[in-house]
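In this chain, numbering begins with 1 at the start of the sequence shown. Counting starts at 1 for both ligands and their atoms, in listed order.
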Amino acid sequence: MTARPLTTIGFDADDTLWQNEHYYRLTEEHFSSLLADFADGAKISERLLEAEKRNLAHYGFGIKGFTLSMIETAIEITEGKVPSSVISKILDTGRDLLSHPVETLPHVRETLETLAGKYLLVLITKGDLFDQERKLAQSGLGDFFDAVEIVSDKTAVTYRRIFSKVGDGPERAMMVGNSLKSDIVPAIAAGSYGVFVPHELTWVLERVEEPKDAPRFRKIDHLGELHGLIDGLH
Ligand SMILES: [Mg+2]
């Protein structure tokens, strides 16, 4: 009997299983409105993105780092004149982001239901630990997963480690997600399948070109197409 070509499936969480970027965009709009007297929206967005990029190395991904980046941007844009009442509102808007409702994306639940038990399912996400744990609990999807890995970054090394620990190695694993940069390109580099499920809102720092000449790269329109794709591999 030949070994099963696929035993383990990794799922990204934010904007793959549930909405995320949408709430960041709303927060950024609110942040921008707080500084409307000092600069226009485009300028504020540009400076905020620069701050986020700088700060990734210090704080990693997630809401806490994003909140600190907003404060830093407010200080810069106002040349140090930002009133403490505005800083307070920025802190509030960051905290609101930590309690947004968890809205699962179409086809997620039935897809996980179909695959659970047949494959080892692993949730692999980066971001704030508390926030990701909260979202997983509120999503009601936790029981479908055999393992949950909340990591500081997603590289080929990350996927090799997780798929060797949870499954039978990266060659018999697949990663499914909305970020080419974090979910797909490094998983393929690790030797796994990478299934790209684009989301209409994807953070600019997560965007890269689709991999070329990668036989293990796949793209689907929504998670409802995943089961058929997997059947085609056997
Ligand atoms: Mg994502």
Side-chain angles (χ1 to χ4, degrees), residues 8-28 49 52-53 55-56 59-66 69 97-98 100-109 111-112 115 121-142 144-145 147-159 162-163 166 173-190 192-211 216-226 229:
T8 311
I9 307 172
F11 285 90
D12 168 55
D14 289 341
D15 297 315
T16 297
L17 301 183
W18 50 66
Q19 298 285 12
N20 175 67
E21 181 67 17
H22 167 70
Y23 297 104
Y24 273 85
R25 301 279 173 105
L26 291 178
T27 302
E28 185 173 329
L49 186 63
E52 289 182 85
K53 262 192 230 174
N55 284 335
L56 273 183
Y59 310 130
F61 297 89
I63 293 172
K64 280 182 287 187
F66 182 59
S69 295
L97 199 47
L98 286 165
H100 71 72
V102 179
E103 186 191 341
T104 53
L105 290 165
H107 310 290
V108 165
R109 174 167 280 276
T111 298
L112 294 175
L115 298 172
L121 304 187
V122 199
L123 184 82
I124 305 173
T125 179
K126 51 193 167 73
D128 293 305
L129 185 62
F130 277 9
D131 182 43
Q132 295 297 5
E133 286 177 341
R134 168 190 80 89
K135 288 190 284 192
L136 181 60
Q138 287 184 8
S139 72
L141 301 173
F144 293 123
F145 291 98
V148 175
E149 295 278 341
I150 300 171
V151 296
S152 57
D153 204 0
K154 290 170 162 178
T155 64
V157 172
T158 317
Y159 290 115
I162 294 173
F163 290 140
V166 178
M174 167 185 281
M175 181 65 193
V176 181
N178 75 302
S179 166
L180 285 165
K181 181 170 186 287
S182 297
D183 303 319
I184 308 307
V185 170
I188 289 174
S192 306
Y193 288 94
V195 181
F196 178 39
V197 198
H199 185 284
E200 55 176 352
L201 301 177
T202 293
W203 190 30
V204 29
L205 297 185
E206 294 290 348
R207 292 183 211 152
V208 294
E209 292 290 303
E210 288 184 14
R216 292 198 150 200
F217 174 61
R218 301 287 190 281
K219 185 175 177 177
I220 53 179
D221 288 331
H222 54 76
L223 271 195
E225 294 177 357
L226 184 63
L229 183 156

Check all N, O or S atoms of Asp14 and name the one closest to the Mg ion (ligand 1). O
Checking one value in my table: which N/O/S atom of Asp12 lies closest to the Mg ion (ligand 1)? OD2
Are any N, O or S atoms from Asp15 nearer to the Mg ion (ligand 1) than 2.8 Å? no
I'd like to know: is the Mg ion (ligand 1) within the 2.8 Å range of an N/O/S atom from Thr125, strictly under that distance? no
Nearest-0.5 Å distance that lies between atom NZ in Lys219 and atom CD in Glu210: 3.5 Å
Counting C-beta onward and ignoring hydrogens, is there a side-chain heavy-atom pair between Leu226 and Phe11 closer than 4.5 Å? yes
Is any side-chain heavy atom of Val108 closer than 4.5 Å to a side-chain heavy atom of Phe144? no
His107 and Glu225: side-chain donor and acceptor closer than 3.5 Å? no
